[in-house]
Protein chains: 2
Amino acid sequence: MKRPTGSDVARLAKASKSTVSRVFNGGVVSFEARSRILEAAEQLNYRPHPIARSLTTNKSNLIGIAVTYLDNQFYPEVIQKLSDRFAALGYRIVLFLTHGEKTLDPMLNEILSYSLDGIVFASSSLSADVAVGCRNANIPTVMFNSVDPLGRVKGLAASNKAGAEMIAEFLIAGEHRFFAVISGMDDSSTSVERCKAFSDKIVSAGFTPPQIECGYYSFDGAAKATRKLLSGSKEIDAIFCANDHMALAALQTARQEFGREIGKDLSIVGFDNVQIAGWPAFGLTTYAQPIDNMINRIITYLVDSIEGRPGNDTPEFVEGELIVRESARRPDGVKRSTRGDHVWSPASRP
Amino acid sequence: MKRPTGSDVARLAKASKSTVSRVFNGGVVSFEARSRILEAAEQLNYRPHPIARSLTTNKSNLIGIAVTYLDNQFYPEVIQKLSDRFAALGYRIVLFLTHGEKTLDPMLNEILSYSLDGIVFASSSLSADVAVGCRNANIPTVMFNSVDPLGRVKGLAASNKAGAEMIAEFLIAGEHRFFAVISGMDDSSTSVERCKAFSDKIVSAGFTPPQIECGYYSFDGAAKATRKLLSGSKEIDAIFCANDHMALAALQTARQEFGREIGKDLSIVGFDNVQIAGWPAFGLTTYAQPIDNMINRIITYLVDSIEGRPGNDTPEFVEGELIVRESARRPDGVKRSTRGDHVWSPASRP
DNA sequence: ATGAAAGCGCTAACAA
DNA sequence: TTGTTAGCGCTTTCAT
């Protein structure tokens, strides 16, 4: 009836608790004892109790992931991959879904309550302060897809600057003239970096500074921003969106409500390369974050920290590539990548 | 340096461990003692250790969610909602992402290893056996979106039969003639029920039995199925897909590769009403699962079970409604719902 | 190679 | 109302 304990097994196998423990932890145990214990365990359907174990080992084998909304497909993708990788290492994922709360204390408290072995903040719209709080509580912490501007906690992000600049160059090479930007949140380092780099490049190339509208990282927000942009007097022919989720909204709004032909009389470029971006209905040209690479580094950093090895604590930026599809007019120099999709880089210009 | 314990607080506050415990568990404590302890706790930055607590209370406050792929947007939505609701009740979600493994034992083992207070299996493509295993290990378990054909474990699903029948009637009323079905997995009760109910209705109305192709619940699988369907000799004018994820694939494939005008010369209907289905690019007509209602019941059942109250152990089927958009030719009788979208039901036929 | 004993941080009887 | 005591199930010295 009750869940069997190590003592039960010990008793049945005529061994001691310690030996039972050793069997389940790879300790040295004689062949005889081991098989007796294994058999007893089998018979009782025994499984070590992870919580009791955690109490002594001080390890929970739980990794937290904090994300905001899951409707931006980027995050489910990240969760999926993180979960797979961590599972292979014996860790499980505990989810902290937030809603962009501005009062962070209760949330921090929540997170710290669970004795996590590590946590990754995968939300570009969550203040770095919570991550810093975790860091200060000595739990291995890493920010994904955004970084603490003050460098107080490990961060890992795509090279927003390089990506946004490449997009600007791509659009310029594609002979666009009037640029616009749909930004995420004003307090998101990710959005700010992407938009600024894009604008700077455009301006330094001698074009009118892009009109910038905020899409609040949401579908509806981006749709609204698009309406504002396209109803204005300016003849915008290229929109850069701070992420794919918003780009998808912009694309559809422009197409359905303004009759624009995407990739012909209006180009739209996103950032992230979520799966949906490649769907036939969209064919979104976008900057692909090198997710696998980023995940690898996260895992390495976290596992190193958990196991007490010193990690590289500085924020890292990883370069991705521009995936060219149909949502933006193509300049020369688009090449087929080994994976079968098309890419472009300034260097590949003829 | 080290995390402070209840004893530390007790010492500093000149009280006993028990009193400290009481303070953090809503026990009766004198005002004086309480404030002394709270102050000491604050000063030491003390927080009860959940793992130690779990060991005595036998509650982990952890709820497992097992899902397969997250690229079907239905599941992120479910996770989001479950997480929100459970969070409000003080539970956290630990994620078990599977990949349709056919060897269930290691997975069951994994799940049972964590001492979860409850678990919800939210995957129509995962065998009921794992859920039954959990049930047998005495952990409150519920299947979401699928049920155990043998009724060994609590299940909660949309009324697949009612939904699929309604879709069939809808399409018949819309004067379609040649029907096809894209099914999920053959061993998924959900898919089987939906497809069978649809076919039965079509046949009993005197039409040719629908051609059925398997889409394996995946985007690519459904795209392939669509190609098969539309390249065939039959002049199919309506496709019912066992879920939205596949319907979205079918819709795009038919549109892009076969030049079909969706809602005009080819109607496509899905099942689930995921957010994306409502996007302008798709306007997918689909049967909406009453997710909130279902989630409510799951929570109630699980919490009741956890707290030792007897729950209703029989599988439940909840009725949803048919959301009418543009992907299928409309019969008469479509009405505007209070939420602003359009619905249809056989009863509303003129 | 094995066992005895201590203790992880907490809660829960019980006694006072 | 408070404190004392005894575990929860496990790992981990330390002897043997």
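All values below were derived from every heavy atom in this structure, side-chain atoms included, with hydrogens, water molecules and symmetry-related copies excluded. A note on names: the letters A, B, ... follow the listed sequences, proteins ahead of strands, and every chain is numbered from 1.
- Taking atom CZ of residue A:Arg53 and atom C1' of nucleotide D:dT12, one finds them 13 Å apart after rounding to whole Å.
- Side-chain polar atoms of B:Ser16 and B:Thr19 form a donor-acceptor pair below 3.5 angstrom.
- Between the CG atom of B:Asn58 and the C1' atom of C:dT11 there is a distance of 12 Å, given to the nearest Å.
- Between the A:Arg36 side chain and the A:Ala13 main chain, a donor and an acceptor come within less than 3.5 Å of each other.
- In summary, B:Asp129 and B:Arg152 engage in a salt bridge, as defined by a charged side-chain N under 4.0 Å from a carboxylate O.
- Remark: A:Glu307 CD is packed, more than 12 non-hydrogen atoms of other residues, nucleotides or ligands lying under 6.0 Å away.
- In this structure, B:Phe24 atom CZ and C:dT11 atom C1' are separated by 14 Å, rounded to whole Å.
- In this structure, the NE2 atom of A:His49 is 14 Å from the C1' atom of C:dC8, given to the nearest Å.
- Among the heavy atoms of the strands, none lies under 4.0 Å from A:Pro50.
- Across C:dG9, C:dG3, D:dG9, the shortest atom-to-atom separation from the side chain of A:Thr56 is found for D:dG9.
- As judged by a 4.0 angstrom heavy-atom cut-off over every strand, A:Thr5 is placed among residues touching the sugar-phosphate backbone only.
- Listed by chain and number, the residues in a side chain to side chain contact (heavy atoms under 4.5 Å, CB included) with B:Ile291 are B:Phe74, B:Glu77, B:Val78, B:Lys81, B:Gln289, B:Ile295 (sequence neighbours excluded).
- Judged by distance alone, the side chain of A:Thr57 and the main-chain N or O of A:Arg53 form a donor-acceptor pair under 3.5 Å.
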Pick out the pairs of N or O atoms, protein on one side and nucleotides 13-16 of chain D on the other, that lie under 3.5 Å.
none

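- Of the residues in residues 25-42 of chain A, those with a non-hydrogen atom less than 4.0 angstrom from any atom of DNA chain D are A:Asn25.
- Put simply, A:Ser21 has a side-chain N or O that comes within less than 4.0 Å of OP1 or OP2 on D:dT11.
- Applying the side chain to side chain donor-acceptor pair (under 3.5 Å) criterion to A:Ser60, with sequence neighbours excluded, gives A:Asp117.
- Taking only side-chain atoms of B:Ser16, from C-beta outward, the nucleotide of D:dT4, C:dC10, C:dC8 with the closest atom is D:dT4.
- Between the side chain of A:Ser123 and the main chain of A:Phe121, no donor-acceptor pair closer than 3.5 Å is present.
- Checking B:Arg47 against A:Asn109 by side-chain atom types alone, a donor-acceptor pair falls below 3.5 Å.
- Put simply, the side chain of A:Ser305 gets close to the backbone of A:Tyr301: a donor and an acceptor are under 3.5 Å apart.
- What separates CG of B:Leu55 from C1' of C:dG9 is a distance of 9 Å, to the nearest Å.
- If you measure from atom NZ of A:Lys14 to atom C1' of C:dG3, you get 16 Å, rounded to the nearest angstrom.
- No donor-acceptor pair under 3.5 Å is formed between the side chain of B:Ser191 and the backbone N or O of B:Ser188.
- Between the NZ atom of A:Lys17 and the P atom of D:dC10 there is a distance of 8 Å, rounded to whole Å.
- The bend of the helix from C:dA1-D:dT16 to C:dA16-D:dT1, defined by the angle between the axes of its first five and last five pairs, stands at 30° to the nearest 10°.
- Residues satisfying the salt bridge (Lys or Arg N to Asp or Glu O under 4.0 Å) test with A:Arg11, not counting sequence neighbours, are A:Asp8.
- Rounded to whole Å, the distance from NZ on B:Lys59 to P on C:dA12 is 12 Å.
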